[in-house]
Each structure stands twice: as structure tokens, then as C-alpha cells.
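What follows is a short report on a single structure.
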2 protein chains.
Amino acid sequence: MDTQMNNNEKLKCSIEYTLKKIGGKWKTVILWHLGVDGSLRYNELRKLLSGVTHKVMSQQLKELEEDGFIDRTQYNTIPPKVEYALTEKGKTLMPILEQMHLWGTEHSDNS
Amino acid sequence: MDTQMNNNEKLKCSIEYTLKKIGGKWKTVILWHLGVDGSLRYNELRKLLSGVTHKVMSQQLKELEEDGFIDRTQYNTIPPKVEYALTEKGKTLMPILEQMHLWGTEHSDNS
DNA sequence: CAGTATCCATCAGGATACTG
DNA sequence: CAGTATCCTGATGGATACTG
């Protein structure tokens, strides 16, 4: 259903496909936080990323939404409130993210 | 031992660290092929990547070597022969790569 | 609060040619 | 065979200001 290739270049290895989807600078981190914390609001997420700008945030969120990894729920209140959460498809990425998180924890000096 | 941060920016999440290390366009694919096929020569690897240029290949290989993920063995014969293989540290990445490969296989239309 | 709109910087990645 | 050396391009990401 969502298996169309939007560019016609031939991928030689399915790993490339995966990397294309989640290789954005903040995508794995966004997905990870949503997976761990459940749903998060825009600014909550932004604080967790600490350093990302609005433009890049919304850009990455939009791409993740278009790829069907996250759901965006907008409450038309004043002030506005928007919540992001993983979709079922997004949850299928968690094993990758868990491995990446595990490896990063063991190999980085990020105390 | 290799836990120094070569840039002083603070990472907020260990996933970022992992992505920095293997997020290069060809790195995961190189590591994957080396993990599956054992050791490979420069041109064998290059054929498997199909499309990569010399410059980018050697660049990615050099970075992977500097990060301690791959070993470079040079035979001073004529013609020269160079073999690349995963180090023990490189092998610790395999669980991530396996998950990425699995996910990519299931979600891409790459027949 | 949750974004767009602009404009700009960077650098990873690429084409091509040369070399030990 | 296995690379460097140059030079170049473009996509990604960033700073800042404005908005429904």
C-alpha cells in the first residue's frame, strides 16, 4: 500500500530503504521519545530535542507523518494543542530504535 | 577507550550517537555486506554498492576504520590487494543492521 | 501554542581525472 | 587494483521573524 518508490532509483539493499526513512537527523530521536513516552505535544517534544528549530521539527514531523509512522491529533482549542503519537506502523520501528539506543548507551560516554 | 566526543556538542539521546556513527549514506550497507560475506576486497565491495564513487567509498571506509568498526588489510603485491572485514566492535553493530534489514525487507517493495 | 515563511550555511556526497 | 586530488552540486539543516 505504501510501498511506492517516490524516486525511481534502484535500491540494492533493503537497509538503504530503512535508512532513507529514519536517517533524518532527528527522526530516530522523535520516534524514540514517542515510543517511550506515548504521546507528546509539540513543545514537549521540542524540549526533549533541545536545539532543534521550529522549521526542522515540523519538517521532520511532517515527513514522519507522511510515511505513516506518527499520528497528529489537533485539538482546536485556544491555545491550540497538538499531540503526536506512534502509529502501528511506527511501532514496527521500535526494535531498530531499541537496538540503536542500546548500542549508543553502551558505546557512548554520555553520562 | 574510544568514548571521547570529538565535538563538544552535547547529545541528548544515545540514539543520536549511534546515528552519527552509522548514518552515512553507505555505511550501513558496507557494514552489512562485510558482516554477511566476511571479508571483501575494495572492488568487490564497490560492485555490491553499485553507484558509489571511489571518493565516497574510500571516505566512508576510512571513517568506519577510524571508528574501529572495520579492519583494513593491505597486501603489498602487484597488483595491490586490500581486504576489509568487521572488527569485534563492528560486529556489535550487527543486531542494529539485522533489524534494519529485516524491517526494510518487510516494508519495501524491493523485489 | 504550534506552527510557516524566508533566507542562508554547511557539508556530505558526486564527477572526473590522475597515481603508487 | 585501490586508491587521491580537485572541483562542484544539492539536499539537509539552521536562524530569525512572522502568524492563525
Side-chain angles (χ1 to χ4, degrees), chain A residues 5-13 15-16 19-30 33-34 39-67 70-85, chain B residues 6-13 15-16 19-31 33-34 39-67 70-85:
Chain A
M5 292 296 297
N6 38 17
N7 42 19
N8 51 4
E9 57 179 310
K10 185 72 179 163
L11 297 176
K12 313 92 203 169
C13 177
I15 282 185
E16 288 181 69
L19 191 62
K20 261 209 163 86
K21 292 296 184 185
I22 62 171
K25 180 161 179 184
W26 302 96
K27 287 186 181 175
T28 50
V29 192
I30 292 173
H33 282 305
L34 290 180
S39 73
L40 286 167
R41 298 181 60 175
Y42 182 88
N43 270 344
E44 291 174 334
L45 206 44
R46 191 144 176 268
K47 270 169 212 150
L48 289 171
L49 269 53
S50 97
V52 74
T53 61
H54 279 303
K55 184 206 154 189
V56 175
M57 258 285 284
S58 49
Q59 191 175 283
Q60 304 267 305
L61 285 170
K62 189 166 291 181
E63 288 176 19
L64 289 171
E65 196 189 350
E66 284 169 355
D67 282 331
I70 62 175
D71 261 339
R72 180 179 180 281
T73 310
Q74 179 168 355
Y75 302 91
N76 283 318
T77 55
I78 295 177
K81 173 178 170 182
V82 179
E83 283 197 332
Y84 292 91
Chain B
N6 40 14
N7 41 18
N8 51 2
E9 58 178 309
K10 185 73 181 163
L11 297 175
K12 316 91 204 171
C13 176
I15 282 185
E16 287 181 68
L19 190 62
K20 259 208 163 88
K21 291 296 184 185
I22 63 172
K25 180 162 180 185
W26 302 96
K27 287 186 181 176
T28 51
V29 192
I30 292 173
L31 292 167
H33 282 304
L34 290 180
S39 73
L40 286 167
R41 299 181 60 175
Y42 181 89
N43 270 343
E44 291 174 334
L45 207 45
R46 190 143 177 268
K47 270 170 213 151
L48 290 171
L49 268 54
S50 98
V52 74
T53 61
H54 278 302
K55 184 208 153 187
V56 176
M57 259 284 285
S58 49
Q59 191 175 281
Q60 304 267 306
L61 285 170
K62 190 165 292 181
E63 288 175 20
L64 289 172
E65 197 190 348
E66 285 168 355
D67 281 334
I70 62 176
D71 261 337
R72 181 179 180 278
T73 310
Q74 179 168 354
Y75 302 90
N76 283 317
T77 56
I78 295 178
K81 174 178 171 182
V82 178
E83 284 197 334
Y84 292 92

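Note on naming: letters A, B, ... go to the chains in the order of the sequence lines (proteins, then strands), and numbering restarts at 1 for each one. Because only heavy atoms are used, hydrogens play no part in the values below, and waters and symmetry mates are left out as well, while side chains stay in.
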Dump every N/O contact between nucleotides 12-16 of chain D and the protein below 3.5 Å, one line per pair.
residue: D/dG13; atom: OP1; partner: A/K25; partner atom: N; Å: 2.6
residue: D/dG13; atom: OP2; partner: A/Q60; partner atom: NE2; Å: 2.8
residue: D/dG13; atom: N7; partner: A/K55; partner atom: NZ; Å: 3.3
residue: D/dG13; atom: O6; partner: A/K55; partner atom: NZ; Å: 3.3
residue: D/dG14; atom: OP1; partner: A/K25; partner atom: NZ; Å: 2.9
residue: D/dG14; atom: OP2; partner: A/W26; partner atom: NE1; Å: 3.2
residue: D/dG14; atom: N7; partner: A/K55; partner atom: NZ; Å: 3.4
residue: D/dG14; atom: O6; partner: A/K55; partner atom: NZ; Å: 2.4

Which string of ( ) [ ] | and . matches DNA chain D, if you list each base 5' to 3' and count Watson-Crick or G-U pairs only when both distances are under 3.5 Å? ||||||||||||||||||||
Report yes or no: does A/S58 contribute a side-chain atom to a donor-acceptor pair with the main-chain N or O of A/K55 at less than 3.5 Å? yes
Whole Å only: how far is the [atom1] atom of [X] from the [atom2] atom of [N]?
| X | N | atom1 | atom2 | result |
| --- | --- | --- | --- | --- |
| B/L64 | D/dG3 | CG | C1' | 16 Å |
| B/M57 | C/dA15 | CE | P | 15 Å |
| A/L45 | C/dC1 | CG | C1' | 14 Å |
| A/K62 | C/dA2 | NZ | P | 15 Å |
| B/I22 | C/dA12 | CD1 | C1' | 17 Å |
| A/L61 | C/dC1 | CG | P | 17 Å |
| B/K47 | D/dC1 | NZ | C1' | 11 Å |

Indicate whether OP1 or OP2 belonging to [N] is found under 4.0 Å from a side-chain N or O atom of [X].
| X | N | value |
| --- | --- | --- |
| A/S58 | C/dA2 | no |
| B/R41 | D/dC1 | no |
| B/Y42 | D/dT4 | no |

Name the nucleic acid region contacted by B/K27, choosing base, sugar-phosphate or nothing; use a 4.0 angstrom heavy-atom cut-off, strictly under. nothing
Which residues within residues 72-82 of chain A lie with some heavy atom under 4.0 Å of an atom in DNA chain D? A/P80
Applying ring pair (Phe, Tyr, Trp, His ring centres under 6.0 Å) to A/Y42 and not counting sequence neighbours gives A/H54
Using the test side-chain hydrogen bond (donor to acceptor under 3.5 Å, both in side chains), find all partners of B/E63 that sit at least two apart in sequence or belong to another chain. B/K27
Sequence neighbours excluded and cut-off under 3.5 Å, please list the side-chain donor-acceptor pairs for residues 74-83 of chain A, or say none.
residue: A/Q74; atom: OE1; partner: A/R72; partner atom: NH1; Å: 3.0
residue: A/Q74; atom: OE1; partner: A/R72; partner atom: NH2; Å: 3.3
residue: A/Q74; atom: NE2; partner: A/N76; partner atom: OD1; Å: 3.4
residue: A/T77; atom: OG1; partner: A/P79; partner atom: O; Å: 2.8

Correct closest heavy-atom pair for A/L19 and B/G24 would be CD2-O, 3.5 Å
